[in-house]
Amino acid sequence: MLRIGLAMLQGARHEHIEALMHASLEVGLQIEIVELRKAVQIDSNISALILPGGESTAMRKASQSESLLGGIFDWMDKYPNRPVLGTCAGAILLSNPGEDRKPYISAKISRNAWGRQRQSFEAPLDVLLDTPKSIATEELELQRDHFNHKPLKMSHEAASTNQEFYPGVFIRAPRFLPESINCTTAVTLENEIVGILDGVKLALTFHPELTLDRRFHRWLIVSAKKNYS
Ligand code: GLN
């Protein structure tokens, strides 16, 4: 079974878990989600990894006591062909891992470059990355919360079309510096590049886990299957 690590640092972790569960059903591959809290949990059995959004400074600080980020970067150095999805602050960490480490994506990134929290926005995006189609015929029964509440029943049909991803959610999002990008364009917002692929590292400046279209999570799982060695 594929084991997908999720850095439990801050930010929309639970939404990533839900997105991964759906994506696993959509591609017909079983996964185990490993909630990473300590560096010691990261071993050779992790086949892919998600660095979620949040506040990158807070994430760096939160990671210090258990050296989680250091452990994740060591794993990336050891297994460069295992896929990683970095969303928003996760993309910042891939571009600027700190601690004298070399960037994991060939692009510089500017934090909070669209403005403050109030300037957060949603927009339709164009996806250039080839992502696996959903083959799911059944719907996932979402788990009840600890009050035994059923989660909000939103439409499980994503509003996206083939190439269009809707909505792309940008929350105090960073921007790639266009002249610094030296890898494949994966997603655009009009003329702006908002997603890049460098080898098997996919860095998105938006939050795909907040949209019902799970194609980037499907990409992660299928790439993990292809590249696991
Ligand atoms: N503004 C955050 C940062 O600079 C990123 C925001 C996000 O992940 N939604 O780290």
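FYI, side chains are in, hydrogens and waters are out, and symmetry mates aren't considered; it's all heavy atoms of this structure. Computed from a predicted model, the values in this text were never measured in an experiment. Indexing begins at 1, ligand by ligand and atom by atom, following the structure's order.
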Tell me if the CD atom of E179 is crowded by more than 12 foreign heavy atoms within 6.0 Å.
yes
Test L6 against every option in L36, L49, I17 by the side-chain contact (heavy atoms from CB on, under 4.5 Å) rule and name the one that passes.
I17
With a 4.0 Å cut-off on N to O distance, would you call E35 and R13 a salt bridge?
no
If you look at each N/O of ligand 1, which protein N/O atoms lie under 3.5 Å away, and at what distance?
| residue | atom | partner | partner atom | Å |
| --- | --- | --- | --- | --- |
| ligand 1 | 1 (N) | N112 | OD1 | 2.5 |
| ligand 1 | 1 (N) | R172 | O | 2.9 |
| ligand 1 | 4 (O) | R111 | NE | 2.6 |
| ligand 1 | 4 (O) | R111 | NH2 | 3.0 |
| ligand 1 | 8 (O) | G54 | N | 2.9 |
| ligand 1 | 8 (O) | G54 | O | 2.9 |
| ligand 1 | 8 (O) | A89 | N | 3.0 |
| ligand 1 | 9 (N) | I171 | O | 2.9 |
| ligand 1 | 9 (N) | H207 | NE2 | 2.8 |
| ligand 1 | 10 (O) | S56 | N | 2.6 |
| ligand 1 | 10 (O) | S56 | OG | 2.7 |

Classify the angle between the aromatic ring planes of F165 and F206 as parallel (below 30°), tilted (30 to 60°) or perpendicular (above 60°).
tilted
Return the minimal non-hydrogen interatomic distance between L202 and F216, and the atom names on each side.
CD2-CD2, 3.8 Å
Pairs under 3.5 angstrom only: tabulate donor-acceptor contacts from the side chains of residues 90-100 to other protein residues two or more places apart or in another chain.
| residue | atom | partner | partner atom | Å |
| --- | --- | --- | --- | --- |
| S95 | OG | A107 | O | 2.8 |
| N96 | OD1 | G98 | N | 3.4 |

